[in-house]
Amino acid sequence: MYESYDYKKTTLFEKFNDFPSLSEEECLKITGWTKKNFLLFSRFITSIRDNKKRTKHQLIALYRYWISTGSNQKTLASLFNKKSQVQISNYLSEIRTAIQKDFVPFFLGSKKKRKNYLKHNHVMVKTLHNLKQDELAVICDGTYTRLEKSSNNDFQYRSWSVQKSDSLIKPFIICCADGYIIDCYGPFQASDNDAVILNYILENDTDLLKILKPEKTILFLDRGFRDILNLLKEKYRFKCQIPTCKQLDQTNERELIYKTKQLTTEQTTDTKIVTKCRFVVEKQIGIIKNNKALDNIRNTEAGHIMIDYQNCCAMINFDFKPTCPDKQNAVKIANRILKKVGTKQNELEFLLRKQLDTKLIRPLNLLEINDFPILKRKTMKNKIFLGSYQLSQAKSYLGDLKKNSIAFVKQKKKKTEIDTDAESSESEDEKQENHQESKENSNCEKIEQDETENSDSELSELNESEPSETDSEHNNDLELFSDSFLDDFKKHVPKWSARIEFQGLKEVFLRDTCTIDYHLLGLWYISKIKKNKIFQNETTFSEVIYEINNNNWDKAREAWVKKIINFSNKPVKKGNKYQISLYGSEFNFFIQYVANFQKHILIQKCSINCIKNKNFVINDDSELVYFKKINNNLKLFSCYTESCKDCKKQIIPEIKFLNKPSFIYIQSAEDNIFLNEIPKEITIDNLRFKFLYLTVHTPGHFLGVFEINKNLFTVNDIGRKVKLLKPFTENFPLKEREIFFYTKVSTTIIVYYLIE
């Protein structure tokens with residue numbers, strides 16, 4: 001519905017200032033509404049008046065565009081008449097509050113009368129469940145919105161979901177059978193399941209109970225509500241429909257289900273009837289979350305996210321269209337479904353107990369099976385039913401399925417044996433620990449999973465297609481960039497977590513080490529390039545690199561935590577062991593401790609004719625350097641944005657290093673800088689620096705991307721994984737995982753080393 005908008009002469013803000021001259025197409029692209037619906041909506045907003053700076057129409061268009069695209073406020077400022085970010089924030093806050101106050105009560109909430117919702121009983125539900133005129137069908141389900149990590153420990157604890165392995169909050173949707181939303185509740189903390197949330201709503205929303213009358217309300221729920229099912233039936237006397245759930249079946253039936261590992265034909269049919277009615281709420285949640293501003297939000301939006309959710313739900317009801325896709329065929333489809341309900345046995349069920357190609361199977365006429373799909377072949381004179389062809393195809397398919405299953409089991413067994421041999425040297429405690437670590441960080445595994453391929457063969461393919469050229473300027477580096485060094489690099493990749501001696505305690509579990517792992521590996525990498533010349537006067541740093549070189553990562557991290565960070569938090573006892581965590585930002589645990597190696601002064605650069613140009617020192621003790629995207633180009637940024645007091649020109653600070661650095665750490669100023677945009681070489685203070693590695697942030701975890709032999713490799717300390725990334729060119733078609741790394745995962749720290 002929503003498309004990107006390209007403006008040339010007038011901005012979006014100016015177009016809505018003169019609404020009559022706005023075209024229907026432009027209004028639909030920007031707001032998702034026709035001009036008629038837009039004007040009808042604007043009549044509800046009575047608490048906002050037009051003024052010289054903006055009109056009511058402009059604010060509505062701004063809010064609709066923001067909630068659908070999720071654009072950041074700086075982008076909106078450039079689109080809407082080049083306002084400042086603060087103005088855009090104030091505009092959004094103003095219109096958000098006005099919509100909540102003036103518009104939402106008309107289209108959302110449980111304060112309406114029951115008869116308003118009875119007309120939303122869809123004909124599909126009426127037919128399948130034989131609803132009476134005074135019975136109301138209601139569907140309930142929860143969803144979630146992902147958040148950034150919070151510095152507030154209590155909020156971080158409440159918003160952490162073990163199931164999703166991410167920070168999130170949960171809105172809860174209650175809608176009618178045709179998708180009309182009754183109300184949107186929340187936010188609820190991540191640990192609350194659907195049953196707990198619904199129980200809380202029923203206890204606190206007295207208006208909702210006036211709508212959901214006992215014995216005249218049928219609730220469609222999923223299996224997540226099984227814990228509250230008895231309460232709904234006995235206390236509130238609701239009629240509840242839920243898919244077949246093993247935990248709710250009788251003991252003898254449960255034993256049969258667990259034994260067969262498959263639902264019976266009758267149970268499957270009952271489940272389909274519930275799902276056919278319940279999927280409507282899933283579709284509505286999908287429509288809501290198509291609005292990009294309502295998912296993966298920043299922490300600054302958490303305070304008003306539920307207002308935006310409720311505004312969005314009210315807007316959906318305002319322009320409501322029934323979500324059932326069957327339309328005029330609903331009754332016919334419902335009658336066909338009811339006809340199949342009487343089927344208690346599947347005539348092909350006997351095949352589950354047979355081993356095809358090993359035993360004789362009695363002949364079966366597929367045309368006698370009710371509802372068996374019939375393949376038809378058109379000829380010049382008539383149509384021939386290919387029953388025998390269907391049977392042969394079924395045998396062939398099941399035979400292939402059996403062979404593939406056997407091959408898969410053998411391959412999995414072989415892989416398990418190899419993994420077992422490789423890990424035989426680990427103790428039982430380590431294996432148990434690794435299993436727990438991988439379980440806690442399953443969200444990172446989703447990104448790193450890929451088709452089973454040999455990365456070494458890919459590397460050789462790339463090397464054949466792009467032979468490396470010798471460069472006299474990089475003779476010292478060439479011996480590193482070889483296959484043998486790649487093998488050595490893989491051996492030195494750290495494992496997530498460590499056991500260290502800390503505050504007089506032995507075997508303290510150090511967790512969440514991804515904030516330092518890739519950077520410590522990077523220090524070892526730089527020491528190989530610079531022949532250990534970078535830390536001659538830094539004993540502790542040399543000690544860390546020495547331990548890494550000997551692959552003693554526990555000792556290296558212990559030295560970093562105790563001697564460089566001077567970590568003072570007391571270990572927390574969990575179970576039988578003590579543990580400390582490095583969960584947080586890379587700056588807190590690494591960057592601030594190496595920034596003094598790149599100390600520099602900032603010199604003012606403004607107008608050529610200005611007396612202060614290249615003569616005035618802005619800051620004589622600066623350490624941090626940033627990349628910032630300006631007009632789609634990466635620029636070095638020092639966070640200094642003032643103008644010159646003499647010439648009034650914008651100041652562009654110029655970096656002058658106090659000492660020539662062997663490496664430089666550059667932070668991403670915003671989360672819109674991606675791997676494919678990072679330059680391979682940069683020049684600062686007439687010194688050339690070459691790209692070495694960077695880190696990217698995924699939900700709950702950091703990953704590294706290192707350049708070795710002109711190829712990029714992703715590094716994950718969970719599982720010690722090193723995987724090749726194909727070049728971002730047309731010559732090599734990329735996989736979805738690789739495109740994701742290049743264009744979707746934002747970079748955090750980019751590291752360069754000095755070219756001598």
Side-chain angles (χ1 to χ4, degrees), residues 62-63 66-77 84-97 100 142-172 184-192 288-289 291-312 440-441 443-444 447 512 514-515 581-589 591-592 624 626 628-629 639 667-674 695-703 744-749:
L62 172 65
Y63 186 76
W66 169 77
I67 205 169
S68 64
T69 62
S71 301
N72 61 58
Q73 293 178 359
K74 290 185 178 180
T75 302
L76 293 174
S84 69
Q85 180 267 331
V86 176
Q87 284 178 309
I88 293 296
S89 179
N90 292 335
Y91 287 165
L92 287 174
S93 178
E94 186 178 359
I95 187 61
R96 179 186 295 112
T97 305
Q100 176 75 7
T143 182
Y144 58 87
T145 293
R146 298 185 187 276
L147 296 164
E148 293 180 320
K149 291 186 292 186
S150 173
S151 59
N152 186 312
N153 291 336
D154 183 60
F155 180 79
Q156 176 68 19
Y157 175 78
R158 293 176 180 272
S159 63
W160 179 257
S161 170
V162 177
Q163 181 184 11
K164 301 293 183 182
S165 297
D166 205 352
S167 297
L168 52 90
I169 55 175
K170 290 185 173 181
F172 192 86
C184 175
Y185 299 89
F188 298 96
Q189 65 183 34
S191 59
D192 291 344
I288 294 171
K289 298 186 80 170
N291 296 285
K292 307 301 182 185
L294 301 183
D295 199 15
N296 292 325
I297 65 171
R298 302 180 68 88
N299 285 340
T300 53
E301 301 174 46
H304 57 73
I305 186 62
M306 281 313 302
I307 297 178
D308 294 321
Y309 256 95
Q310 291 170 352
N311 289 351
C312 182
E440 291 175 349
N441 295 274
N443 58 319
C444 304
I447 294 178
D512 303 315
C514 62
T515 51
S581 173
L582 298 183
Y583 186 83
S585 70
E586 296 167 294
F587 178 84
N588 290 338
F589 295 111
I591 298 300
Q592 64 174 316
L624 305 180
Y626 297 86
K628 185 173 182 179
K629 189 182 291 186
C639 297
Q667 302 179 71
S668 295
E670 298 172 344
D671 60 355
N672 60 348
I673 300 174
F674 305 104
T695 54
V696 297
H697 180 253
T698 62
H701 190 61
F702 289 100
L703 301 173
K744 299 296 183 183
V745 185
S746 57
T747 60
T748 53
I749 308 294

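None of the values given here were measured: they were computed from a predicted structure.
Thr515 places none of its side-chain heavy atoms less than 4.5 Å from the side chain of Tyr583. Within the 4.5 Å cutoff, side-chain heavy atoms of Asp671 are placed close to those of Arg298. At least one side-chain heavy atom of Thr747 sits less than 4.5 Å from a side-chain heavy atom of Val696. Between Lys149 and His697, the closest side-chain pair of non-hydrogen atoms falls below 4.5 Å. Put simply, the side chain of Asp308 does not reach to within 4.5 Å of the side chain of Ile297, judged on heavy atoms. A heavy-atom distance below 4.5 Å is not found between the side chains of Ser668 and Tyr626. A heavy-atom distance below 4.5 Å is not found between the side chains of Ile749 and Phe702. At least one side-chain heavy atom of Met306 sits less than 4.5 Å from a side-chain heavy atom of Cys184.
Defined by atom type and a distance below 3.5 Å, a donor-acceptor pair is missing between the side-chain atoms of Asp166 and Tyr144.
Scanning for side chain to side chain contact (heavy atoms under 4.5 Å, CB included) contacts around Ala293 gives Trp66, Ile67, with sequence neighbours left out. Every salt bridge (Lys or Arg N to Asp or Glu O under 4.0 Å) that Glu94 has, sequence neighbours left out, goes to Arg54. Contacts of Asp295 classified as salt bridge (Lys or Arg N to Asp or Glu O under 4.0 Å), with partners at least two apart in sequence or in another chain: none. Take Phe188 and apply the ring-ring contact (aromatic ring centres under 6.0 Å, His included) test, not counting sequence neighbours, and it matches Tyr200. Evaluation of the side chain to side chain contact (heavy atoms under 4.5 Å, CB included) rule for Glu670 yields Lys74, Lys628, Asn672 as partners, not counting sequence neighbours. Residues passing the side chain to side chain contact (heavy atoms under 4.5 Å, CB included) test with Thr143 are Pro171, Ile285, Lys289, Tyr309, sequence neighbours excluded. Under the side-chain hydrogen bond (donor to acceptor under 3.5 Å, both in side chains) criterion, Gln73 pairs with Gln85, sequence neighbours left out. Taking Gln189 as the reference, Arg158, Ser191, Asp192 meet the side chain to side chain contact (heavy atoms under 4.5 Å, CB included) condition, with sequence neighbours excluded. With sequence neighbours left out, the side-chain hydrogen bond (donor to acceptor under 3.5 Å, both in side chains) criterion links Ser581 to Asp512. Applying the side-chain hydrogen bond (donor to acceptor under 3.5 Å, both in side chains) criterion to Thr748, with sequence neighbours excluded, gives Glu586, Thr695. For Asn299, the side-chain hydrogen bond (donor to acceptor under 3.5 Å, both in side chains) criterion is met by no residue, not counting sequence neighbours. In this structure Lys629 satisfies the salt bridge (Lys or Arg N to Asp or Glu O under 4.0 Å) test together with Glu677, sequence neighbours excluded.
Closest approach of Tyr63 to Asn311, counting heavy atoms only: OH-ND2, 3.2 Å.
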Subject >> side-chain contact (heavy atoms from CB on, under 4.5 Å) between Ile169 and Ile305, worked out >> reply: CA-CA 10 Å; Ile169 55 175; Ile305 186 62; 3.5 Å; yes
Subject >> Verdict with reasoning, Phe587 to Leu624, per side-chain contact (heavy atoms from CB on, under 4.5 Å) >> reply: CA-CA 10 Å; Phe587 178 84; Leu624 305 180; 3.8 Å; yes
**OP:** Any chance you could lay out the side-chain contact (heavy atoms from CB on, under 4.5 Å) test for Lys292 and Thr69, step after step, and finish with the verdict?
**Re:** CA-CA 5 Å; Lys292 307 301 182 185; Thr69 62; 5.5 Å; no
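Looking only at distances, a side-chain donor or acceptor of Gln592 sits under 3.5 Å from a matching main-chain atom of Asn588. Of the possible polar contacts, one joining the Thr97 side chain to the Ser93 backbone as a donor-acceptor pair under 3.5 Å is found.
Atom CD of Glu148 and atom CD of Glu301 lie 8.5 Å apart (nearest 0.5 Å). With rounding to the nearest 0.5 Å, the separation of CG in Asn291 from SG in Cys312 is 4.0 Å. To the nearest 0.5 angstrom, Leu62 atom CG is 4.5 Å from Leu92 atom CG. Of the inter-residue distances, the one linking Tyr157 atom OH with Ser167 atom OG reads 13.5 Å to the nearest 0.5 angstrom. Of the inter-residue distances, the one linking Ser84 atom OG with Asn90 atom CG reads 8.0 Å to the nearest 0.5 angstrom.
Within 6.0 Å of the CG atom in Asp154, the count of heavy atoms belonging to other residues, nucleotides or ligands exceeds 12.
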